[in-house]
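All remarks here apply to the structure that follows.
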Amino acid sequence: MTDIKELLLSRIRDVADYPEPGVMFKDITPLLADPAAFTALTDALAEIAANTGATKIVGLEARGFILGAPVAVRAGLGFIPVRKAGKLPGATLSQAYDLEYGSAEIEVHAEDLAAGDRVLVIDDVLATGGTAEASIQLIRRAGADVAGLAVLMELGFLGGRARLEPSLAGAPLEALLVI
Ligand SMILES: O=P(O)(O)OC[C@H]1O[C@H](OP(=O)(O)OP(=O)(O)O)[C@H](O)[C@@H]1O
Ligand SMILES: Nc1ncnc2[nH]cnc12
């Protein structure tokens with residue numbers, strides 16, 4: 001394992017049975033509290049943004065905001081928040097979905113994405129892929145292209161990568177850690 005992967009992995013805390021029995025929650029707050037680890041993560045994701053030719057960064061509420069916003073600044077790209085339903089004041093597109101522990105609905109301001117945009121989606125965890133899939137559907141419905149999906153960690157045993165294959169349609173899925 002490379003030094004950066006070891007550093008990132010060492011700053012992720014496992015919390016058993018949170019938020020419900022049977023879930024091993026991957027807590028990134030120790031990583032966020034370590035400036036060296038957070039900077040290394042931001043740099044790695046910004047490099048992916050450059051490699052994919054992205055023109056915009058979408059972050060998925062809430063942890064995708066924490067990671068995606070500094071990446072957008074580092075990469076010199078605009079940041080578009082995909083929020084949980086009911087939080088955006090303008091005209092929105094909405095998508096319902098299921099995730100590892102529950103279900104939800106996400107929204108984006110329709111005016112924030114348009115034809116010609118190449119969007120990199122950023123989040124902390126890819127688990128079942130439900131959240132990421134819904135975000136890809138929103139981006140496409142807004143008329144934009146998906147440049148890729150970049151996550152800090154992929155929980156491989158939950159099969160999110162296979163689920164996303166059709167919606168990604170050849171766009172890359174980059175996971176810095178596969179667990
Ligand atoms: O692949 P999935 O099964 O869809 O799960 C992954 C999603 O779950 C978590 O978000 P959560 O909805 O818990 O929101 P939070 O970031 O506000 O804590 C995580 O940050 C991803 O967005
Ligand atoms: N096991 C997990 N840990 C942290 N975030 C998650 N989102 C979905 N599943 C998760």
Side-chain angles (χ1 to χ4, degrees), residues 5 8-34 37-38 41-42 44-45 48-49 54 56-72 79-88 92-109 112-113 119-141 146-169 171-179:
K5 288 186 187 210
L8 296 176
L9 192 58
S10 73
R11 297 296 186 271
I12 295 165
R13 175 170 51 186
D14 283 355
V15 183
D17 298 319
Y18 182 87
E20 57 186 42
V23 175
M24 181 61 75
F25 190 82
K26 301 291 182 180
D27 177 21
I28 64 166
T29 59
L31 191 162
L32 301 175
D34 177 345
F38 197 4
L41 172 59
T42 301
L45 293 173
I48 291 169
K56 285 184 176 169
I57 301 291
V58 153
L60 307 182
E61 186 173 0
R63 285 170 265 153
F65 291 178
I66 302 170
L67 305 194
V71 171
F79 178 80
I80 312 298
V82 162
R83 297 215 61 178
K84 302 272 164 61
K87 299 288 187 180
L88 290 170
T92 56
L93 298 171
S94 308
Q95 193 74 42
Y97 64 99
D98 292 323
L99 71 159
E100 190 186 4
Y101 40 70
S103 59
E105 191 174 349
I106 50 173
E107 295 183 339
V108 68
H109 270 150
D112 282 353
L113 296 172
V119 179
L120 178 67
V121 178
I122 291 189
D123 208 349
D124 64 334
V125 174
L126 174 68
T128 64
T131 310
E133 184 178 57
S135 73
I136 291 167
Q137 286 165 341
L138 278 185
I139 291 162
R140 293 255 166 71
R141 284 171 54 202
V146 176
L149 167 66
V151 295
L152 165 59
M153 80 196 106
E154 172 184 352
L155 306 185
F157 61 95
L158 288 172
R161 183 175 288 268
R163 174 183 180 160
L164 289 176
E165 222 175 81
S167 24
L168 278 170
L173 163 51
E174 302 280 359
L176 299 177
L177 301 171
V178 180
I179 293 167

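Counting from 1, the numbers follow the sequence of the chain as shown. In listed order, ligands and their atoms are each counted from 1.
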(request) Taking all non-hydrogen atoms of both residues into account, name the closest pair between Y97 and G130 and its distance. (result) CB-O, 3.6 Å
(request) Look at atom 5 (O) of ligand 1 and say which protein heavy atom is nearest, naming residue and atom and giving the distance to 0.1 Å. (result) A127 CB, 3.6 Å
(message) On a heavy-atom basis, which atom in A132 and which in L60 lie closest, and how many Å separate them?
(response) CA-CD1, 4.4 Å
(request) Run the numbers for me: atoms of ligand 1, each under 4.0 Å from some heavy atom of T128, listed by number. (result) 1 (O), 2 (P), 3 (O), 4 (O)
(message) Using 0.5 Å steps for rounding, measure from the CG atom of L99 to the OG1 atom of T131.
(response) 4.5 Å
Identify all pairs of nitrogen or oxygen atoms, one from ligand 2 and one from the protein, separated by less than 3.5 Å, and list them with distances.
{"from": "ligand 2", "atom 1": "1 (N)", "to": "M24", "atom 2": "O", "distance (Å)": "2.9"}
{"from": "ligand 2", "atom 1": "1 (N)", "to": "E100", "atom 2": "OE1", "distance (Å)": "3.0"}
{"from": "ligand 2", "atom 1": "3 (N)", "to": "K26", "atom 2": "N", "distance (Å)": "2.9"}
{"from": "ligand 2", "atom 1": "5 (N)", "to": "R63", "atom 2": "NH1", "distance (Å)": "3.0"}
{"from": "ligand 2", "atom 1": "7 (N)", "to": "Y101", "atom 2": "OH", "distance (Å)": "3.2"}
{"from": "ligand 2", "atom 1": "9 (N)", "to": "E100", "atom 2": "OE1", "distance (Å)": "2.4"}

(request) Looking only at distances, please establish whether an N/O atom of ligand 1 is found under 3.5 Å from an N/O atom of A62. (result) yes
(request) Output yes when the distance from some N or O of ligand 1 to some N or O of L126 is under 3.5 Å, and no in every other case. (result) no
(message) Out of all atoms in ligand 1, which are within 4.0 Å of some heavy atom of E100? Include the element for each.
(response) 3 (O)
(request) Could you tell me which atoms of ligand 1, counted from 1 in the order shown, lie closer than 4.0 angstrom to a heavy atom of Y101? (result) 8 (O), 9 (C), 11 (P), 13 (O)
(request) Report yes if some N/O of R63 lies less than 3.5 Å from some N/O of ligand 1; otherwise report no. (result) yes
(message) At under 4.0 Å between heavy atoms, is it the side chain or the backbone of D124 that contacts ligand 1, or both, or neither?
(response) side chain
(message) Between ligand 1 and K84, is the shortest N or O to N or O distance under 3.5 Å?
(response) yes
(message) As an exercise, state the distance from CZ of R13 to OG1 of T29, rounded to the nearest 0.5 Å.
(response) 4.5 Å
(message) According to salt bridge (Lys or Arg N to Asp or Glu O under 4.0 Å), who are the partners of E133, at least two apart in sequence or on a separate chain?
(response) R163
(request) Could you find the nearest protein heavy atom to atom 12 (O) of ligand 1 and give me its residue, atom name and distance? (result) L99 CD1, 3.3 Å
(message) Please list, in number order, the atoms of ligand 1 under 4.0 Å from a heavy atom of V125.
(response) 6 (C), 21 (C)
(message) L158 vs L126, test: side-chain contact (heavy atoms from CB on, under 4.5 Å). Steps then yes/no.
(response) CA-CA 9 Å; L158 288 172; L126 174 68; over 6 Å; no
(message) Atom CD of residue position E165 - does it have more than 12 heavy atoms of other residues, nucleotides or ligands inside 6.0 Å?
(response) no
(request) Give me the ring orientation class for F79 and F65: parallel if the planes are under 30° apart, tilted from 30 to 60°, perpendicular past 60°. (result) perpendicular
(message) Please list, in number order, the atoms of ligand 1 under 4.0 Å from a heavy atom of E61.
(response) 14 (O), 16 (O), 17 (O)
(request) Give a yes/no verdict on whether any heavy atom in G160 is under 4.0 Å from an atom of ligand 1. (result) no
(request) Could you tell me whether the side chains of E100 and T128 share a donor-acceptor contact shorter than 3.5 Å? (result) no
(request) Would you mind checking which non-hydrogen protein atom is closest to atom 21 (C) of ligand 1, with the distance to 0.1 Å? (result) D123 OD2, 3.1 Å
(request) Side-chain contact test, heavy atoms from C-beta onward, threshold under 4.5 Å: evaluate it for I28 versus L152 and give yes or no. (result) yes
(message) I need the minimum non-hydrogen distance between I179 and L9, along with the two atoms involved.
(response) CD1-CD1, 4.1 Å
(message) For a quick test of reading the model, state the closest non-hydrogen atom pair linking A147 to L120 and the distance between them.
(response) CB-N, 4.2 Å
(request) Under 4.0 Å from a heavy atom of T131: give me the atoms of ligand 1 that qualify, with their elements. (result) 2 (P), 4 (O), 5 (O), 6 (C), 7 (C), 22 (O)
(message) Just so I know, are the side chains of L45 and L176 near enough to count as touching, which here means a heavy-atom distance under 4.5 Å?
(response) yes
